[in-house]
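Every number for a ligand or one of its atoms is a count from 1 in the order of the listing.
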Amino acid sequence: MTPFTFARAGDVSEAVRLGAHARSKYLGGGTNLVDLMRETIERPDALVDVTGLSSTIEEHDDGSLLIGAAARNTAVAEHRAVRVRFPVLSRAIVAGASAQIRNMATVGGNLLQRTRCTYFYDDEGSRCNKRTPGQGCDAVDGFNRIHAILGASSSCVATHPSDLCVALAALGAVVHLQGAGGARTLLLTDLYRLPEDHPGHETMLQPGELITAVELPALSFGADSVYRKVRDRSSYAFALISVAAAIELDGDTVKDVRLALGGVAHKPWRAWKAESALKGQPASAKNFHAAAAAELADAKPLRDNGFKIDLAQRTIVAVLNGLAEQASKGASA
Ligand code: SF4
């Protein structure tokens, strides 16, 4: 591990001041960053511990929630308002990691965790444009079963590993940021970049900018939401495909729907095309199939991951069928 200095920030302005140093990193639970430092893939010369900053979960009168970036994943998953109003988020967090990791990991850190592409971690023997710009990407022609089918480039085909972020994408979460130039907000789906020619540039964060909170806007049908994760084994594995969804019916018609996918792209993938295809249409299996096909129409499989296209469509349809059934039972109860 490369030597580094360590400082614990007492408040946001101190954190931003300490984080202005060019090669500093903010430290949350450390469940990804410390691994990357041990492997010398991340080599910060200063760590700013931000775990003492806001970890509260504020419930607002309009039904929205404001989650401090230092909130531990477990605290969010177990919070009553989250479980009742946004169960998709609780389920995504529980599906995301072991209890020990959930107890350590923070919301801010989860948003900034890095891909689990195996070539990215193989510092000694593999080429990786994300780790070393211009080096090449051994995943493109390598073993790429877990890699992206949407939004990838010839420079990088990695996927974003977070489950929590897929739920946040579906819920229209807003990320609160603080930098030397002031505070701003971004839609979570706008926080991330697709790889294009610069896969090392993963987010829209300015140098030294700190995630201070994540806001969940009120969602009247958030209680009818679900997260389904398809993976190679039932625990401690990253998603091959995941689906976060919520639906609102008006009789048999889809009044509103939220849909996001994990395991398919360099960022949590909001399924805008599928959502738009479904709104105002009958909530039928046929329409769910058509919407899933529309979303995956631009998918570009690699040598080993063509199965993801069919798997994603089937998972979307299964999740929407289940939600529609649940919503219509609720309406007739
Ligand atoms: Fe690196 Fe991206 Fe290629 Fe993986 S897919 S080796 S992270 S450039």
### Message
Is it the case that the side chain of Tyr192 and the backbone of Met204 share a donor-acceptor pair, with hydrogens and angles ignored and the cut-off at 3.5 Å?
### Response
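No.
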
### Query
Would you say the side-chain atoms of Asn144 pair up with the backbone N or O of Leu302, donor to acceptor, closer than 3.5 Å?
no

#### Entry: The single option from Asp232, Asn305, Asp304 passing side chain to side chain donor-acceptor pair (under 3.5 Å) against Arg145
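Among the candidates, only Asp232 passes.
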
### Message
Out of the candidates His266, His201, His198, only one should pair with Lys130 under the side chain to side chain donor-acceptor pair (under 3.5 Å) rule; please name it.
### Response
His266

### Query
Atoms of ligand 1 less than 4.0 Å from Phe120 heavy atoms?
7 (S)

So which protein heavy atom does [atom] come closest to, and at what separation?
| atom | result |
| --- | --- |
| atom 3 (Fe) of ligand 1 | Cys137 SG, 2.3 Å |
| atom 2 (Fe) of ligand 1 | Cys156 SG, 2.4 Å |
| atom 1 (Fe) of ligand 1 | Cys128 SG, 2.3 Å |
| atom 6 (S) of ligand 1 | Tyr119 CB, 3.4 Å |
| atom 5 (S) of ligand 1 | Val157 N, 3.3 Å |

### Message
Using 30° and 60° as the class boundaries, would you call the ring planes of His147 and Tyr119 parallel, tilted or perpendicular?
### Response
tilted

### Message
Regarding Gln313 and His289, do their side chains bring together a donor and an acceptor under 3.5 Å, going by distance alone?
### Response
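Short answer, no.
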
### Query
Just heavy atoms, cut-off under 4.0 Å: does Cys117 contact ligand 1 by side chain, backbone, both, or neither?
side chain

### Shortest heavy-atom approach to atom 8 (S) of ligand 1 - which of Pro199, Ala158, Ser155
Ser155

